[in-house]
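Note: hydrogens, waters and symmetry copies are ignored here, and every other heavy atom, side chains too, is used.
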Amino acid sequence: MKKAEDFSEWYNEIVEKANLTDKRYPIKGMNVWTPYGWKIMQAIDSHIRQEFDSTNHQEVCFPLLIPEDQFAKEKEHIKGFDSEVFWVTHAGLNPLDVKLLLRPTSETAMYPMFSIWVRSHADLPLKTYQIVNTFRYETKQTRAFIRVREIHFFESHTCHADLEDAERQVKEDYEIMARLSKKLCIPYKLLKRTDWDKFPGAFYTVGIDTLLPSGKSLQLGSIHQYKDNFSKPYDIKYEDQDGQHKHVHQTTYGMSERLVGAVVALHGDDKGLVLPPDIATMQVVIIPVLAKGAVEEVTEEARALHAELKDAGVRVHIDERDLRPGAKYYDWELKGVPLRLELGLRDMEKQQVTFVRRDSGDKSLHPRARLVEEVKKTLSDIAEDMFDLARKDMEANTVTAETLDNLPSKLIRTGWCGGEDCGHEIEARSNKHILGTPIDGERFEGVCVICGKPTDKPVYLADAM
RNA sequence: GGGGUAGUGGUCUAGCUUGGUAUGAUCCGUGGUUCGGGACCACGUGACCGUCGGUUCAAAUCCGACCUACCCCA
């Protein structure tokens, strides 16, 4: 399992060995979530729920099936998706008059209902989200968590009185992403997609991109400003204070289990997974080191540690399996548990506990009496160091280029005037994908690599995953 | 979208050229000795060889299609 030598093979192996997923389900791109993987996914789900709930979004759950005529209302949208939808054409033995499709995303399921729900300005803003499965018939090579045909999808959908309020929503989404990235210890860039690469039907799209160790970019999610592009075909209108009927402005924010893929890919190492403490199913594992004649004594004390940490709100597990300690170390390292506590006679005599950090491998001794605070401190250090390391990796793999020749497999920053012709030329010559221009006002002084016109905005390019 | 490789107990694998229902390891189960970095001994369970079809007295083995996985190139 060498991450540096063959990232792709390493990733496949680790996903399987750490027991996150079972790829043997006989439909392409549809994997089974195994218990350990699902727990991690649910931990991420709960962070996302918490974020949306605390920003006054309401959780909803729409049907999986969408009638063909609803799907077809927005021209750009259907053009972007109709080559990758799964169709339901029969009910039992009878062909359906109106075919049904499995949602590839939920605009066309939700918006007909929104047009009924929204009556007055008092109904706005309408902020909803759901965590559901969506289906896309991916033609490219599938890969666990990263490119799948059944997607575990988070999508927020909002309606606003005007563009200004919708823009405020987009900013709030940026803040949500910033908080999430801290918990996942994943750095990212917010990049405004080119017009030819935006979400089908959107006014504009902001991609949330991170960088894999292989040098390829990975889109973690996206935030879309729809303006009134959907509210017109779906007739979502409200009556304002003056009695006028106006179309709402809408936004969406979508993410998926790719977040799990990114956690695996960015933090994992040759020994296995490395989970950020905030999403680790078990934050701490206790390994009693038993010796002949002291089995009960050590076991009892290990259980006391377990109880103490559990009471303090730490997600802790005690491994009492009949295995050699070494075998347990390897096992928990593979599973990515952030902190391992070892307790043997030697420790007990000295009133101490041995800590071993998963991220750095550092071993240290801590007084038994201060167990809880030392554990909490160590977990927060781990999270901070993991985020830091990932951020530095991303920075180190970002290069500013003045020509498009011999570009490395990294995140490339260069100048672009913003013109469409020059953009296409950049992609053709660099053989990379334009991710977009940063929305955070990043400073840049240079010229467009194609036409030479001065520009103050950089553009980022990468090989897309 | 184009090209390539592969599919044998839960996992990995031998056998395929030269057709005769399958090798070894690991995991798992039971009992025992062990336990500060992957323990050992003994016994035991488990596959008709991806699916469908064809050739044949006989197919894991030869042929075809499909499914799935992985790799490479637009």
Enquirer: Could you tell me how far B:C70 sits from B:C63 if I compare only their C1' atoms? Round to whole Å.
Expert: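 Pairwise C1' distance, B:C63 against B:C70, rounds to 25 Å.
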
Enquirer: Go through residues 136-144 of chain A and report each residue with a non-hydrogen atom lying under 4.0 Å from RNA chain B, sorted by number.
Expert: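 Per residue number, the list reads A:Thr139, A:Gln141, A:Thr142, A:Arg143.
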
Enquirer: Quick one: does A:Leu379's side chain get under 4.5 Å of A:Val284's, heavy atoms only?
Expert: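 When only atoms from C-beta onward are counted, A:Val284 and A:Leu379 do touch, with a gap below 4.5 Å.
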
Enquirer: Distance under 4.0 Å to a non-hydrogen atom of chain A counts as contact; along RNA chain B, which nucleotides mark the start and end?
Expert: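 Endpoints of the contacted stretch of RNA chain B: B:G1 to B:C71.
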
Enquirer: For atom P, what is the distance between B:C12 and B:C71, given to the nearest Å?
Expert: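 16 Å, rounded to whole Å.
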
Enquirer: For RNA chain B, which residues in residues 287-301 of chain A have a heavy atom at a distance below 4.0 Å?
Expert: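 Within residues 287-301 of chain A, the residues near RNA chain B are A:Val289, A:Leu290, A:Lys292.
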
Enquirer: For the residue pair A:Ile286 and A:Arg303, establish whether any side-chain heavy-atom pair is separated by less than 4.5 Å.
Expert: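 No. Closest side-chain heavy atoms not under 4.5 Å.
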
Enquirer: Do we get A:Arg149 above A:Phe86's six-membered ring, with its NZ or CZ under 6.0 Å from the centre and within 45° of the axis?
Expert: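 Pair A:Arg149/A:Phe86 does not count as cation-pi.
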
Enquirer: Quick one: do A:Arg357 and A:Asp359 make a salt bridge, cutoff under 4.0 Å?
Expert: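 Salt bridge: yes.
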
Enquirer: When rounded to the nearest Å, what value does the distance between C1' atoms of B:G46 and B:U56 take?
Expert: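 These two C1' atoms come out 31 Å apart once rounded.
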
Enquirer: With sequence neighbours left out, write down each residue that passes side chain to side chain contact (heavy atoms under 4.5 Å, CB included) with A:Asp456, or none if nothing qualifies.
Expert: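 A:Asp456: no side chain to side chain contact (heavy atoms under 4.5 Å, CB included) contacts found.
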
Enquirer: Could you give all pairs that pass the salt bridge (Lys or Arg N to Asp or Glu O under 4.0 Å) test and reach residues 409-418 of chain A, with sequence neighbours left out?
Expert: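 The answer is A:Arg413-A:Glu442.
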
Enquirer: Using a strict cut-off of less than 4.0 Å between a Lys/Arg side-chain nitrogen and an Asp/Glu carboxylate oxygen, indicate whether A:Lys2 and A:Asp6 qualify as a salt bridge.
Expert: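 Salt bridge flag = no for A:Asp6 with A:Lys2.
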
Enquirer: Before giving the answer on salt bridge (charged side-chain N to carboxylate O under 4.0 Å, His left out), spell out for A:Arg429 and A:Glu425 the whole-Å C-alpha distance, their side-chain angles and the decisive distance to 0.1 Å.
Expert: CA-CA 6 Å; A:Arg429 276 210 234 159; A:Glu425 189 65 19; 3.2 Å; yes

Enquirer: The criterion is side chain to side chain contact (heavy atoms under 4.5 Å, CB included); which residues satisfy it with A:Gln70, sequence neighbours excluded?
Expert: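 Side chain to side chain contact (heavy atoms under 4.5 Å, CB included) list for A:Gln70, sorted by chain: A:Ile66, A:Pro67, A:Lys73, A:Pro112, A:Tyr234.
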
Enquirer: Could you go through residues 446-455 of chain A and list every donor-acceptor pair under 3.5 Å that involves a side-chain atom there, pairing it with any protein atom two or more places apart or in another chain?
Expert:
{"residue": "A:Thr455", "atom": "OG1", "partner": "A:Trp416", "partner atom": "O", "Å": "3.1"}
{"residue": "A:Thr455", "atom": "OG1", "partner": "A:Lys457", "partner atom": "N", "Å": "3.2"}
{"residue": "A:Thr455", "atom": "OG1", "partner": "A:Lys457", "partner atom": "O", "Å": "3.4"}

Enquirer: When you compare B:G19 with B:C57, how far apart are their P atoms, in angstrom units rounded to a whole number?
Expert: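 Each nucleotide's P atom is 15 Å from the other's.
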
Enquirer: What's the gap between B:U23 and B:G9 when it is taken at their C1' atoms, as a whole Å value?
Expert: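 It comes out at 12 Å once rounded to the nearest Å.
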
Enquirer: Pairs counted only when both distances fall under 3.5 Å, Watson-Crick or G-U: show me the 5' to 3' dot-bracket for RNA chain B, [ ] for pseudoknotted crossings and | for other-strand partners.
Expert: (((((((..(((.......[...))).((((((.....)))))).....(((((..]....)))))))))))).

Enquirer: For residues 322-342 of chain A, run the donor-acceptor check on the side chains, cut-off 3.5 Å, and write out each pair with its distance to 0.1 Å, sequence neighbours left out.
Expert:
{"residue": "A:Lys328", "atom": "NZ", "partner": "A:Asp319", "partner atom": "O", "Å": "2.9"}
{"residue": "A:Lys328", "atom": "NZ", "partner": "A:Arg321", "partner atom": "O", "Å": "2.8"}
{"residue": "A:Tyr329", "atom": "OH", "partner": "A:Glu342", "partner atom": "OE1", "Å": "3.3"}
{"residue": "A:Asp331", "atom": "OD2", "partner": "A:Arg321", "partner atom": "NH1", "Å": "3.3"}
{"residue": "A:Asp331", "atom": "OD2", "partner": "A:Arg321", "partner atom": "NH2", "Å": "2.9"}
{"residue": "A:Trp332", "atom": "NE1", "partner": "A:Asp319", "partner atom": "OD2", "Å": "2.7"}
{"residue": "A:Glu333", "atom": "OE2", "partner": "A:Arg340", "partner atom": "NH1", "Å": "3.0"}
{"residue": "A:Arg340", "atom": "NE", "partner": "A:Glu342", "partner atom": "OE2", "Å": "3.1"}
{"residue": "A:Arg340", "atom": "NH2", "partner": "A:Glu342", "partner atom": "OE2", "Å": "2.8"}

Enquirer: Distance alone, cut at 3.5 Å: any donor-acceptor contact between the side chains of A:Thr354 and A:Asp347?
Expert: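 Note: A:Thr354 and A:Asp347 side chains meet the donor-acceptor criterion.
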
Enquirer: I'd like to know if the side chain of A:Arg143 and the backbone of A:Asn12 have a donor-acceptor N/O pair within less than 3.5 Å.
Expert: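 No, A:Arg143 side chain to A:Asn12 backbone: no donor-acceptor pair under 3.5 Å.
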
Enquirer: Looking at every strand, decide which applies to A:Ser8 at a 4.0 Å heavy-atom threshold: base, sugar-phosphate, or nothing.
Expert: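 Result for A:Ser8 = sugar-phosphate.
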
Enquirer: Can you check the distance between B:U13 and B:A22, where both ends of the measurement are the C1' atom (answer in whole Å)?
Expert: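 Between the two C1' atoms, the distance is 12 Å.
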
Enquirer: Determine the interplanar angle of the A:Phe230 and A:Tyr111 rings, folded into 0 to 90°, and report it as parallel if under 30°, tilted if 30 to 60°, perpendicular if over 60°.
Expert: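 Aromatic pair A:Phe230/A:Tyr111 classed perpendicular.
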
Enquirer: By the 4.0 Å heavy-atom rule, please label A:Glu333 as base, sugar-phosphate, or nothing.
Expert: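 The residue A:Glu333 makes base contact.
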
Enquirer: Report the residues that fulfil side chain to side chain contact (heavy atoms under 4.5 Å, CB included) with A:Ala202, sequence neighbours left out, ordered by chain and then residue number.
Expert: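 In terms of side chain to side chain contact (heavy atoms under 4.5 Å, CB included), with neighbours along the sequence ignored, A:Ala202 is linked to A:Phe199, A:Thr205, A:His224, A:Tyr226.
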
Enquirer: Supply the atom-to-atom distance A:Glu155 CD to A:Ser222 OG, rounded to the nearest 0.5 angstrom.
Expert: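 Taking CD in A:Glu155 and OG in A:Ser222, the distance rounds to 10.5 Å.
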
Enquirer: Which residue pairs pass the side-chain hydrogen bond (donor to acceptor under 3.5 Å, both in side chains) test with at least one member in residues 90-102 of chain A, sequence neighbours excluded?
Expert: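 Not a single pair qualifies under side-chain hydrogen bond (donor to acceptor under 3.5 Å, both in side chains).
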
Enquirer: RNA chain B: A:Pro26 or A:Gly361, which has the more 5' nearest nucleotide?
Expert: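 Looking at RNA chain B, the more 5' nearest nucleotide goes with A:Gly361.
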
Enquirer: Taking the P atom in each of B:C72 and B:A25, what is the distance between them to the nearest angstrom?
Expert: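 B:C72 and B:A25 have their P atoms separated by 35 Å.
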
Enquirer: Base, sugar-phosphate or nothing for A:Asn12? Non-hydrogen atoms, less than 4.0 Å.
Expert: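 The residue A:Asn12 makes sugar-phosphate contact but no base contact.
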
Enquirer: Using a heavy-atom distance cut-off of less than 4.0 Å, which residues of residues 28-41 of chain A contact RNA chain B?
Expert: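 By residue number: A:Lys28, A:Gly29.
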
Enquirer: Using the C1' atom on both, measure B:G24 against B:G15 and round to a whole Å.
Expert: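 My reading of the C1' atoms in B:G24 and B:G15 gives 11 Å.
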
